[in-house]
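Predicted model, so just to flag it, every value in this text is computed and none were measured.
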Amino acid sequence: MGLHRPLRPLVALLMALRSDDAEERRTAAAGLADWDTARAVPFLTGALDDPVGEVRLHVATSVLRLTVDPVLNVRAEEVLLGLASGPAEPLRGDVLRLVASGAIADPKAVRLVRDRLADDSETVRVAAIRAARDRMLEDLAPAVTALLRDEVPAVRETAAEALGILFAFLGEHGGAEVEEAVSALQAVLEDPEGEVRGAAARALGLIGPPAAAPLLADAVVTALAAALERPEDRDAVVFGLFGQGERGVRAALDKVDLVPDPEPLAAHIALLGPPAIPLLAELLRDPRAHRVALAGLRRLGARAMSLVEPVALMVRQGGAAAREAALTLAALGPPALPVLARLLEDPVGRGPAAAAIPALGQTAASLVPDLAILAASTHPERLDAIRALVAIGPDALSELVELLDHGQYATRRAVLDVLEDAPQEELFAIPLRALFDPHPRIRGAAVRVLGAWREVARPVASELVGMLADDQPRVRAAAAWALGEIGRVRRPDPFARPWAPPGAEEALRSLLADPHPRAQREAAIALRKLGRQAAG
């Protein structure tokens, strides 16, 4: 009786361990890791003595993953320890990666990694640091700290990152080893390599202030604050400063004018949650820091409603910060709608408020009457008001349709221009109504809206066929373009086919004889988009 079928691949792998071909033995050894069976033990025992180091590596790895024989496991660990100190650099690195994954028990892993931290190869030293980090081998932290002075930048950078993780959040409780690491990382803030400096700053942020050494904590904050002078280091330095507690936060804010992007500072402040509100209130009063405060409030959202009035005051005062302040109000969500409604009545605040309302979308429906009044006015902010109405969508449909009956050409045109970038089936009534406008440019703009909406406009595309007979050549040309855009295939799809409403092809062919060259050209292009020949 033959072997049970599922065991045949296992038998083939075990037999391959005795092949004369080293590559075949290596492949077999690697494949055995997927088998959890004691049948492999006799074959693996002999294979651990294979003359090829890479084969021994894979056999030992498979043994440790199979966990079928404690004695064999010990032998496999000894093989790996031997490879880790052997002449083959790639194998030393491979063993360290196994250590990082937890394949070797801690006592032996510590010894192995400690030895490799002094390896002649920079690649192996980096792998050893990562193994110490991933296995959280805090006992090796002094040796990792010493590598902050390594001649190779990649080693110094990896060492800094590892120390930040090994001692994360231990600054207030760590002992002499933490203080030694913090002191060394402070010195690395002056490293010639930017990546190394950044890793050191982030590590200091993770570790936090060494409470038992206040002079050292002060020195770290001072060094980090000075590092803000280097633009390339600022994001990492801000992280480092905020990890130092209130003193670090204050140091960062004292030099806020050096930080052109307020988001990193704001992100760290927002992490504090509601306790950040008093600090943000203070920053709102500082002309240098109000951008940071506004960015922080946007991140907090509705939790920052207690500061809504100071932000609204910034909008009413106008100036460079007014629009950003209005956007901050919108970020607070629906609870800020009454404040935005009042701002729409303010001669200074109505523009920034209208520009911010689209961010609220349909949730700003209660502001439709106020926005409609502003949209129908002659104020320069009317375009922002129209954008807000379009963003609100169906709840503003009747007001947008009424604007099309407005006597001013500029208002009607503005509605269509805004609508072109906002395809919504619920707003079909607006461009369809404008197709009958007495002004040819308005009719042309309405046609272009439907063309820009592409597939969304297919339910009403038949209305464009009639526009191919408009008495204005610019409208006829626009209608041909729009039909081509609505019907053509845009994505590679073997099942997609061009589409056109009934009568479109015949009307486009008739337009090929139009007396106006532009209309002829657009008709020919549209026919090609629809998969039709322009002639014949």
Side-chain angles (χ1 to χ4, degrees), residues 386-387 389-391 393-394 396-397 400-401 403-405 409 412-536:
I386 291 170
R387 288 196 185 96
L389 289 170
V390 170
L397 176 59
L400 287 166
V401 170
L403 288 173
L404 290 178
D405 296 329
Y409 163 83
R412 305 200 305 279
R413 181 61 185 265
V415 171
L416 294 168
D417 287 347
V418 171
L419 207 62
E420 191 169 329
D421 297 323
Q424 298 182 53
E425 291 184 10
E426 297 86 354
L427 300 183
F428 277 152
I430 301 170
L432 291 180
R433 188 181 187 89
L435 290 177
F436 301 97
D437 195 280
H439 200 299
R441 290 184 181 274
I442 296 296
R443 297 199 300 276
V447 167
R448 283 190 293 276
V449 167
L450 293 174
W453 285 9
R454 297 177 176 174
E455 289 88 346
V456 174
R458 286 186 177 182
V460 296
S462 58
E463 301 292 336
L464 293 172
V465 177
M467 303 304 293
L468 293 171
D470 194 274
D471 61 0
Q472 291 293 317
R474 70 169 66 244
V475 178
R476 298 196 296 274
W481 168 83
L483 284 168
E485 287 297 292
I486 291 171
R488 72 186 177 100
V489 176
R490 280 172 177 76
R491 293 177 295 276
D493 182 348
F495 302 103
R497 296 289 183 270
W499 177 92
E505 182 180 349
E506 181 181 352
L508 286 168
R509 290 193 183 281
S510 298
L511 204 61
L512 293 174
D514 194 277
H516 197 282
R518 181 178 173 187
Q520 295 178 19
R521 184 174 64 253
E522 290 295 348
I525 294 172
L527 285 167
R528 287 198 296 273
K529 290 177 181 176
L530 299 176
R532 304 290 188 268
Q533 295 297 322

Residues Val475 and Gly444: closest non-hydrogen pair is CG2-N, 4.0 Å

Distance-only, no hydrogens or angles: does the Gln520 side chain make a donor-acceptor pair with backbone N or O of Asp514 under 3.5 Å? yes

Any chance you could measure Leu508, atom CG, to Leu527, atom CG, to the nearest 0.5 Å? 5.0 Å

All heavy atoms of Ile486 vs all of Ala457, minimum pair found to be CD1-CB, 3.9 Å

Rounded to the nearest 0.5 Å, how far apart are CZ of Phe436 and CD of Glu463? 6.0 Å

Within the structure provided, determine whether Ile442 and Tyr409 are in side-chain contact (heavy-atom separation under 4.5 Å). yes

Might you point out which heavy atoms bring Leu483 and Ala504 nearest each other, and give the distance in Å? CD1-CB, 4.4 Å

Provide the closest heavy-atom pair for Ala500 versus Leu530 in the form atom of the first, atom of the second, distance. CB-CD1, 3.9 Å

Is Ile525 close to Arg521 at the side-chain level, that is, under 4.5 Å between some pair of heavy atoms? yes

Mark yes or no for whether Arg476, through its side chain, and Met467, through its backbone, hold a donor-acceptor pair below 3.5 Å. no

Donor-acceptor pair, distance only, cut-off 3.5 Å: does the side chain of Arg474 make one with the backbone of Arg441? no

Rounded to the nearest 0.5 Å, the CZ atom of Arg448 sits from the CZ atom of Arg443 at a distance of 12.0 Å

Can you give each donor-acceptor pair under 3.5 Å made by side-chain atoms of residues 414-431, sequence neighbours left out, with the distance rounded to 0.1 Å?
from	atom 1	to	atom 2	distance (Å)
Asp417	OD1	Arg413	NE	3.1
Gln424	NE2	Val390	O	3.1

I need the minimum non-hydrogen distance between Ala480 and Leu511, along with the two atoms involved. CB-CD2, 4.0 Å

With a 4.5 Å limit on heavy-atom distance, are the side chains of Trp499 and Pro501 in contact? yes

Considering all heavy atoms, the nearest Val489-Arg497 contact: CG2-C, 3.4 Å

